[in-house]
Amino acid sequence: MKTPVTELRPFIALAANRNCSMARALEVLGDVWTFLLLRELFFGVKRFDAIQRNLGIARTSLSGRLGKLVEAGVLERSQYTERPPRFEYRLTPKGLALYPALVSLMRWGDQWAAVETGPPLLLTHKPCGHALELRLVCSHCRARVEPSDVEPEAGDGFDTQSEAPRNATRTHSNPALYLHLRACSVARALVIIGDRWSFQILRAAFFGVRRFEDFARLLNVARNVLTSRLGKLTAEGVFERRQYEARPPRFEYVLTKKGLAFYDSCLLLIQWGDEWIADSHGVPLHLRHRLCGEVFKAELVCGHCAEPVLAQEVEFQDGPGVRLL
Ligand SMILES: [Zn+2]
Ligand SMILES: [Zn+2]
């Protein structure tokens, strides 16, 4: 059942939009393993066997995911030996464009999920030589983008009843498996926010949704799934649960500092979906920057030199939190 948009406050109404670029992005990216194998490619690992070794993932699962990414145009595959036939994978421009979202997820994991150990990886921005500090800025006025300064507006592709995923994503029974072998903050972040529903719940929260009933209607998600995801995100400190009515007892879910810090990654994923998986209807949502009044694109730049953060310009080395094997 579709939620009548008029019933809801304007921001919440926008979150009801089913033609969501984030949903489309997650449809391609799929699951935690997919993120982790992309991370391997960004680290320069190209060959099937090496990726398989580093992730400790079953060969069939890996080849299935690689195949899906090749089909989606995120990776290209080439053969490097004839006998036996062996293949390596490379990120296409569409794949490389995911870097800001991935590095922003890594940073969120560093700051909020690896506090005791320190970051497993230290990143250096090659053009300026400084430790990489990330800053999300407005493409128009170059000011730092904060969630409260962004106003979503309906774009051409708004509410065109799209192919948004309906199926629940399986979460792995043993999240520790994702942390297998290579300590990484992307993996840590994804253990907390590792499936499509959790991403979509967060996206709705950034548009101002707080109440269980609103989440349930807007996302069209089964109540038991929603209860479990909200419970997990609350236990992880992403949401704070507050009672707003005594009888009957009703609760709302408010983003904590940790939750709000996820905004950059969320925005970058939406934008990747807008740019690279657009359909004929156009962009579903425009973002207007209140500070300058313009419709903007979020750009991830280096906090020191203000240049865009590109995969090939970031160097990495082991940090204090690296796990030695
Ligand atoms: Zn601006
Ligand atoms: Zn720099």
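Index from 1, following the sequence. If you're wondering where the values come from, they're calculated on a predicted model, not measured in any experiment.
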(message) Under a 3.5 Å distance rule, please check whether Thr234 uses its side chain to pair with a backbone N or O of Leu230 as donor and acceptor.
(response) yes

(request) Check whether Phe43 and Leu310 end up in the same hydrophobic cluster, where Ile, Leu, Val, Met, Phe, Trp and Tyr are linked by side-chain heavy atoms less than 4.5 Å apart. (result) no

(request) Would you mind reporting whether Leu219 and Arg229 have side-chain heavy atoms less than 4.5 Å apart? (result) no

(request) Only pairs at least two apart or in different chains count here, so list each ring pair (Phe, Tyr, Trp, His ring centres under 6.0 Å) that has a residue in residues 70-93. (result) none

(request) Report yes if some heavy atom in the side chain of Trp197 is under 4.5 Å from a heavy atom in the side chain of Val225; otherwise report no. (result) yes

(request) Verify, without hydrogens or angle tests, whether Lys94 (side chain) and Ala72 (backbone) share a donor-acceptor contact under 3.5 angstrom. (result) yes

(request) Indicate yes or no: does Arg288 engage Asp149 in a salt bridge with an N to O separation below 4.0 Å. (result) no

(request) Output yes when a side-chain donor or acceptor of Thr92 lies under 3.5 Å from a complementary backbone atom of Gly73, and no otherwise. (result) yes

(message) If hydrophobic clusters are built from ILVMFWY residues whose side chains come within less than 4.5 Å, do Val70 and Leu38 share one?
(response) yes

(message) Would the distance check show the side chain of Thr81 and the main-chain N or O of Arg83 forming a donor-acceptor pair, the cut-off being under 3.5 Å?
(response) no

(request) Decide, yes or no, whether a salt bridge links Arg47 with Glu88 under the criterion of side-chain N to carboxylate O below 4.0 Å. (result) yes

(request) Assess whether side-chain contact (heavy atoms from CB on, under 4.5 Å) is satisfied between Leu91 and Glu76, documenting all intermediate values. (result) CA-CA 6 Å; Leu91 291 153; Glu76 56 194 17; over 6 Å; no

(request) Quick one: pull up CZ in Arg107 and CG in Leu134 and give me the separation to the nearest 0.5 Å. (result) 5.0 Å

(request) May I have the step-by-step check of side-chain contact (heavy atoms from CB on, under 4.5 Å) for Phe212 and Thr227, ending in yes or no? (result) CA-CA 8 Å; Phe212 187 93; Thr227 304; 3.5 Å; yes

(request) Please round to the nearest 0.5 Å and tell me the distance separating atom SG of Cys305 and atom CG of Leu132. (result) 9.0 Å

(message) Is there a side-chain contact between Asp49 and Arg59 in this structure, where contact means two heavy atoms from C-beta onward sitting under 4.5 Å apart?
(response) yes

(message) If you compare all heavy atoms of Phe215 against all heavy atoms of Ala205, which two are closest, and at what distance to 0.1 Å?
(response) CE2-N, 4.0 Å

(message) List the residues meeting side chain to side chain donor-acceptor pair (under 3.5 Å) with Arg77, not counting sequence neighbours, and say none if there are none.
(response) none

(request) Give the minimum heavy-atom separation between Leu226 and Ala216, together with the two atoms involved. (result) CD2-N, 3.5 Å

(request) Heavy atoms only: give me the nearest Leu300-Ser104 pair and the separation to one decimal. (result) CD2-CB, 4.5 Å

(message) Quick check against the 3.5 Å criterion: does Trp108 have a side-chain atom that pairs as donor or acceptor with the backbone of Lys258?
(response) yes

(request) Would you list the pairs meeting ring pair (Phe, Tyr, Trp, His ring centres under 6.0 Å) in which at least one residue belongs to residues 118-138, sequence neighbours left out? (result) His130-His304

(request) With the side chain counted from C-beta on, respond yes when Leu255 and Glu240 share a heavy-atom pair under 4.5 Å apart, and no when they do not. (result) no

(message) Any heavy-atom pair between the side chains of Leu98 and Trp276 that's under 4.5 Å?
(response) no

(request) Establish whether Val137 and Leu269 are linked, either directly or via other cluster members, by ILVMFWY side-chain heavy-atom contacts under 4.5 Å. (result) no

(message) Do Val238 and Phe262 make a side-chain contact, defined as non-hydrogen atoms from C-beta onward lying under 4.5 Å apart?
(response) no

(request) Just do the side-chain contact (heavy atoms from CB on, under 4.5 Å) check on Val301 and Leu136 with the steps written out, would you? (result) CA-CA 6 Å; Val301 301; Leu136 199 70; over 6 Å; no

(message) Looking at every non-hydrogen atom in both residues, tell me the closest pair between Trp112 and Ala261 and how far apart they are.
(response) NE1-CB, 3.3 Å

(request) State the CZ-SG distance between Phe199 and Cys266, to the nearest 0.5 angstrom. (result) 8.0 Å

(request) Measure across Leu291 and Ala143 and return the closest heavy-atom pair with its distance rounded to 0.1 Å. (result) CD1-CB, 4.2 Å

(message) Strictly below 4.0 Å, N to O, side chains only: are Arg250 and Glu245 in salt-bridge contact?
(response) yes

(message) Measuring only between side-chain heavy atoms, which start at C-beta, is Arg90 closer than 4.5 Å to Lys46?
(response) yes

(message) Tell me every residue that passes side-chain contact (heavy atoms from CB on, under 4.5 Å) with Phe251, counting only those two or more places apart in sequence or in another chain.
(response) Arg241, Gln243, Pro249

(message) Can you confirm whether Cys302 sits close enough to Glu133 that some side-chain heavy atom of one is under 4.5 Å from a side-chain heavy atom of the other?
(response) no

(message) Before you tell me yes or no, could you show the steps for Val314 and Val309 under side-chain contact (heavy atoms from CB on, under 4.5 Å), namely the whole-Å CA-CA distance, both residues' side-chain angles and the distance that decides it to 0.1 Å?
(response) CA-CA 7 Å; Val314 175; Val309 175; 4.0 Å; yes

(message) Once rounded to the nearest 0.5 Å, what's the spacing between atom CG of Asp264 and atom CG of Leu105?
(response) 10.5 Å

(request) Identify whether the distance between the nearest side-chain nitrogen and carboxylate oxygen of Lys126 and Glu313 falls below 4.0 Å. (result) no

(request) Verify the cluster assignment for Leu96 and Leu268: are they in a single hydrophobic cluster under the rule of side-chain heavy atoms below 4.5 Å apart? (result) yes

(request) For Glu213, enumerate each residue passing the side chain to side chain donor-acceptor pair (under 3.5 Å) test, keeping only those at least two apart in sequence or located in another chain. (result) Arg223

(message) Evaluate Arg211 against Glu252 for salt bridge (charged side-chain N to carboxylate O under 4.0 Å, His left out), listing each step before the verdict.
(response) CA-CA 5 Å; Arg211 298 183 174 178; Glu252 57 182 18; 3.5 Å; yes

(message) Once side-chain contact (heavy atoms from CB on, under 4.5 Å) is applied, do any residues pair with Ser139, and if so which ones, sequence neighbours excluded?
(response) Phe296, Lys297, Glu299

(request) Is it possible for you to say whether Phe48 and Leu55 belong to one hydrophobic cluster, with membership spreading through side-chain heavy-atom contacts below 4.5 Å? (result) yes

(request) Mark yes when over 12 heavy atoms from residues, nucleotides or ligands other than Gln312 sit less than 6.0 Å from its CD; otherwise mark no. (result) yes

(request) Just say parallel, tilted or perpendicular for the rings of Tyr99 and Phe42, cut-offs at 30° and 60°. (result) tilted

(message) Once rounded to the nearest 0.5 Å, what's the spacing between atom CD of Glu236 and atom OG of Ser198?
(response) 10.0 Å

(request) Look up atom SG in Cys292 and atom CZ in Arg142, then write down how far apart they are to the nearest 0.5 Å. (result) 11.0 Å

(message) Test your reading of the model: is there a side-chain donor-acceptor pair from Thr124 to the backbone of Gly129, 3.5 Å cut-off?
(response) no

